[in-house]
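Take a look at the structure set out below.
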Amino acid sequence: MEGASFGAGRAGGAIDPVDFLKQPQTILRVTTWIFSIVVFGSIVNECYVNTENQNPELLCIFNKNESACSYGIAVGIIAFFGCIFFFVVDLYFQQISSVKDRKRAVLLDLGFSGFLSFLWFVAFCFLANQWQRTTMSKGVSQGADAARAAIAFSFFSIIVWVALAVKALQRYRLGTDMSLFATDQFATDPNAAYPGYPTGSGIESTETYQSPPFTETLEANPKGYQVPAY
């Protein structure tokens, strides 16, 4: 985008909601937001089952490992609120007038997306491993579909968050056009000297006022008076 800064136009420009919703980055955020709901919703609602008739206590369906369910829920909640936060940042990104603030926002998006990609990778491996070790029973079979959904959408979340990290990296590499931000062209130090006045080209204008030669004033004197030489 010509004249853009980190993938967005001039600060203070109008936001078109339709164009914003059509952006690939917005679509990816909404997608991973839905995936996070599916993961932690499936675990909370259907992945705590009664595996034994003699024991009424509800246990985690993933090999009775409470850590597996807790980890899946935690990552899903982090991704849920992270998507909301960065969705708002994307919405108001063009209103950010400082180049440094835009750069921080893009780097934060890049770091968070990469971190969530790693967390989802661990969640997928952890849940899949514990599910393979789970002994099937009547209670387990009732929540099997939810367990498989949590595993599947954990894997899909890896792909989406990696795509978000790539988009953030592309925005960072775009850099910025410093001419868009007049406030950043001046020094932030209040004691700094004011920028000097721009120098001229060195070529005198032909319209510059010039006083008439001294000889013309002599010729205009009707008495022909001359200044005596010393």
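Start at 1 with the first residue, then count along the sequence. Note that this is a predicted model, so its numbers are computed, not measured.
A pairwise comparison of heavy atoms in A105 and F86 identifies O-CE2, 4.5 Å as the closest pair. In plain terms, the two heavy atoms of F62 and A68 that are nearest each other are CB-CB, 3.9 Å.
By the ring pair (Phe, Tyr, Trp, His ring centres under 6.0 Å) test, Y48 is found to be paired with no residue, residues two or more places apart in sequence or in another chain being considered. Checked against side chain to side chain contact (heavy atoms under 4.5 Å, CB included), A128 has the following partners two or more places apart in sequence or in another chain: I151. Residues that satisfy the side chain to side chain contact (heavy atoms under 4.5 Å, CB included) test with V88, not counting sequence neighbours, are Y92. Taking Q23 as the reference, F20, T26 meet the side chain to side chain contact (heavy atoms under 4.5 Å, CB included) condition, with sequence neighbours excluded. Scored by the side chain to side chain donor-acceptor pair (under 3.5 Å) test, S42 finds no partners at all (sequence neighbours excluded). For E46, there are no side chain to side chain donor-acceptor pair (under 3.5 Å) partners at least two apart in sequence or on another chain. Under the side chain to side chain contact (heavy atoms under 4.5 Å, CB included) criterion, I77 pairs with F40, I73, F81, not counting sequence neighbours. For S67, there are no side chain to side chain donor-acceptor pair (under 3.5 Å) partners, not counting sequence neighbours.
In this structure, the side chains of K64 and Q130 stay at 4.5 Å or more apart for every pair of heavy atoms. Residues F93 and R171 meet the side-chain proximity criterion, which asks for heavy atoms closer than 4.5 Å. Inter-residue side-chain proximity for W131 and R148 is flagged as met; some heavy-atom pair is nearer than 4.5 Å. Between V140 and S137, some side-chain heavy-atom pair lies under the 4.5 Å cut-off.
L110 and L28 are members of different hydrophobic clusters when ILVMFWY side chains are connected at heavy-atom separations under 4.5 Å. In this structure, I27 is not a member of the same hydrophobic cluster as L116, with clusters built from ILVMFWY side-chain heavy atoms closer than 4.5 Å.
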Going by atom type alone, with no hydrogens or angles, which donor-acceptor pairs under 3.5 Å involve a side-chain atom of residues 155-170 and a protein atom two or more places apart or on another chain?
unit_1 : atom_1 : unit_2 : atom_2 : d
S157   : OG     : F153   : O      : 2.7
W161   : NE1    : T32    : OG1    : 2.6

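To the nearest 0.5 Å, atom CZ of residue F118 and atom CZ of residue F115 are 8.0 Å apart. Distance check, rounded to the nearest 0.5 Å: CG of N63 to CD1 of I61 gives 11.0 Å. One finds the CD atom of Q25 at 10.5 Å from the CZ atom of F87 (value rounded to the nearest 0.5 Å).
In terms of modelled atom types and a separation under 3.5 Å, the side chain of S36 and the main chain of W33 share a donor-acceptor contact. With hydrogens and angles disregarded, no donor-acceptor distance shorter than 3.5 Å links the side chain of N129 to the backbone of C125. Y71 places a side-chain N or O within 3.5 Å of a backbone atom of L119 that can act as its donor or acceptor partner.
Screening residues 72-86 for side-chain hydrogen bond (donor to acceptor under 3.5 Å, both in side chains) gives no qualifying pairs among residues at least two apart or on separate chains. Contacts classified as disulfide bond (SG atoms under 2.5 Å apart) and involving residues 67-98 (residues at least two apart or in different chains) are given here: C60-C69. Within the structure, salt bridge (Lys or Arg N to Asp or Glu O under 4.0 Å) contacts touching residues 73-87 (residues at least two apart or in different chains) do not occur.
A salt bridge does not link R104 to D109: none of the charged side-chain nitrogens sits closer than 4.0 Å to a carboxylate oxygen.
Stacking of R29 on the aromatic ring of F85 is not recorded, the 6.0 Å distance cut-off and the 45° axial limit not both being met.
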task = Decide yes or no on side-chain contact (heavy atoms from CB on, under 4.5 Å) for V39 and V75, but give the supporting numbers first.
result = CA-CA 9 Å; V39 173; V75 176; over 6 Å; no
